> 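Got a structure here, written out as structure tokens. Questions coming.
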Amino acid sequence: MGNPKAFLTTPRKEAGYRPIHDRIHDFGEVEQTLNSNDRRLQASRCMDCGVPFCHWACPLGNKPPEWNDALYKGDWKLAYKLLNSTNPFPEFTGRICPALCEKACILNLTEHEPTTNREDEAAITEHAFEEDYVDVVTPVRNGKRVAVIGAGPAGLAAANELNHLGYLVTVYDARENAGGLLRYGIPNFKLNKSIIDRRLALLEKEGIVFKYNQPIDLKALPEGYDAYIVATGTPEARDLTVPGRELRGIYLALDMLAQQNRVLAGMEFKKDELVNAKGKDVLVIGGGDTGSDCIGTAHRQGCKSVTQIEIMPKPVEGPVDPQNPWPNWPRTLKTTSSHEEGCTRRWNINTLEFIGKDGKLTGVKVQEIDWKPNPEGGRPLMVEKGKPEIIKADMVLLAMGFLKPSHPQYASNVFVAGDAASGASLVVRAMASGIKTAANVDKFLSK
Ligand SMILES: Cc1cc2nc3c(=O)[nH]c(=O)nc-3n(C[C@H](O)[C@H](O)[C@H](O)COP(=O)(O)OP(=O)(O)OC[C@H]3O[C@@H](n4cnc5c(N)ncnc54)[C@H](O)[C@@H]3O)c2cc1C
Ligand code: SF4
């Protein structure tokens, strides 16, 4: 351990975001980077705890104390090797992981100044690509073939793992390119798509075959494989079937987010197909991360105003939720870079009806509500408060989560991974699930 007391003298320093006036006009990544000296000082704050809760909190079992130590000592190559031993794609998590490890960091317990693991991860990985020591593995083939259905983070992690073990892996995806929600959900201002392309080029070089525009019928999987991994995510978004849903101007969040990412990739759409917030009063229904991504996208498209409403109560403000204490992930109020760019946020708001004129949305009738404990137990009861009101809106984005998919009865050589198995979750969990599922496939085929 380089400097076990550095945390006493070196405060946490985040690279922070580009200034709002600068970032709001483009879709470039909002996060900045520290210089390498400051980055190493940040790594020095990791204090080699007797019981490192970060290992436990990271779904991949990443070991920040080991790579932070190497980083502090200036051994960037060793840091990448240690990081990559548990994390196949640290350039993704380094950008968009909510850093469960940092919340569980012992430095978060008292001072709320955890180590900067996520940013360290991104820096170590960018350095590895710049210095060209991200190795291309040449697997020794074992003669068995595996099909992976779905090229999101779960499918890619599973394919990578099996390919390294010697299986010939073919990845099928319904869309025109790989990445799943990394490419067709998460906005470019959080994750530039060239980062995905760079990793895909490596996976292809290592022998993984990708087949695009292949929507696979899960009841009739392609023939000729020894085993299958279904990593098809959560394709169905939760809808809101209140009166007026048929009005023009109401979209599912991914209608906008996926299209915007495609536009940035050079795809062209007819004017009447465009989902664009330019000059509009936008209402985002759903207070989570997808809603936040809609806000940032609406700003960059040039909206007039954005309001975000959520049916659940406002989370606890501050670093700790007493109901959900350290080292668990705190369900406290989260303010993202997109919220900082300007947005009215309201909680305890139920949507009653979409209002329109000549078939076009003009506003949304909402009702303030409260949640009371249910005397019979179970879900709290929703009670109305005050009178309904109308929020002016000419665009609504529904960001209320995704339905957990159901699957047909599969044969014993078919395995399910990622969000397709768990329901909507996180990139880091999808990757961890892909790796675990690959191990199960290997066990099955090695019998
Ligand atoms: C807007 C948004 C923002 C998010 N932001 C974050 C974030 O910042 N950080 C984070 O950790 N998580 C975030 N998430 C969650 C994260 O993206 C998902 O948990 C993760 O992508 C799930 O990975 P997956 O591989 O299981 O599924 P997906 O990423 O959904 O990939 C599934 C793939 O399967 C393909 N597919 C589906 N059906 C078929 C079929 N029948 N045949 C062939 N292919 C098929 C799809 O085209 C897709 O490529 C976000 C999600 C959304 C929607
Ligand atoms: S993947 Fe996420 S939780 Fe795991 S070490 Fe990296 S930032 Fe932390």
Side-chain angles (χ1 to χ4, degrees), residues 54-65 67-68 83 86-87 89-90 92-105 114-122 124-125 147-159 171-187 190-191 211-219 221-222 229-237 252-254 256-258 261 286 288-294 296-297 329 336 397 399 401-402 405 416-434 437:
C54 51
H55 295 191
W56 161 83
C58 175
L60 287 164
N62 282 350
K63 298 186 173 49
W67 34 263
N68 273 328
L83 172 58
T86 52
N87 187 346
F89 314 130
F92 302 158
T93 48
R95 284 173 170 78
I96 44 91
C97 185
L100 312 170
C101 58
E102 291 181 22
K103 298 300 178 196
C105 175
T115 50
T116 52
N117 298 339
R118 181 186 58 75
E119 289 187 33
D120 296 349
E121 207 169 299
I124 292 168
T125 316
V148 175
I149 319 299
L156 292 178
V171 181
Y172 293 84
D173 203 286
R175 295 188 172 115
E176 71 276 12
N177 209 336
L181 289 172
L182 291 170
R183 191 184 294 278
Y184 298 108
I186 296 174
K190 278 165 64 180
L191 174 70
K211 295 196 173 186
Y212 299 125
N213 299 308
Q214 305 277 330
I216 302 297
D217 178 354
L218 298 183
K219 291 189 188 130
L221 296 172
I229 293 182
V230 174
T232 44
T234 50
E236 204 179 335
L252 298 173
L254 283 185
M256 176 208 231
L257 297 174
N261 289 358
D289 286 342
T290 301
S292 151
D293 289 345
C294 290
T297 304
W329 171 257
T336 66
L397 296 161
F402 298 84
V416 186
D419 283 9
S422 63
S425 186
L426 295 172
V427 168
V428 65
R429 290 210 180 98
M431 280 164 52
S433 165
T437 309

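Along the sequence shown, the residues carry numbers beginning at 1. Since this is a predicted model, take the numbers as computed values, not measurements. When reading the values below, keep in mind they use all heavy atoms of this one structure, side chains included, and skip hydrogens, waters and symmetry mates. Whatever order the structure lists them in is the order used to number ligands and atoms, beginning at 1.
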> Search all heavy atoms of E102 against all heavy atoms of P114 and return the closest pair with its distance.
O-CB, 3.2 Å
> Flag the pair L397 / T297 as yes when at least one side-chain heavy-atom distance between them is below 4.5 Å, and no otherwise.
no
> Going by heavy atoms in the side chains, are E121 and P64 under 4.5 Å from each other?
no
> Is any side-chain heavy atom of T125 closer than 4.5 Å to one of N87?
no
> Minimum heavy-atom separation for L257 to P187, with atom names?
CD2-CG, 4.3 Å
> Just by modelled atom types, is the K219 backbone N or O under 3.5 Å from a matching donor or acceptor in the D217 side chain?
yes
> N68 and T115: side-chain donor and acceptor closer than 3.5 Å?
no
> Select all protein residues for which some heavy-atom-to-ligand 1 distance is less than 4.0 Å, and list them by chain and number.
I96, P98, I149, G150, A151, G152, P153, A154, D173, A174, R175, G180, L181, G185, I186, K190, Q214, P215, I216, A231, T232, G233, L257, T290, D293, F402, G418, D419, S425, L426, V427, A430
> Identify the two heavy atoms, one from N177 and one from Y212, that lie closest to each other, and give their separation to 0.1 Å.
C-CE2, 3.5 Å
> Which atoms form the tightest heavy-atom contact between P405 and A420, and what is the distance?
CG-O, 3.6 Å
> Which residues and atoms, protein N, O or S only, are under 2.8 Å from atom 4 (Fe) of ligand 2?
C58 SG
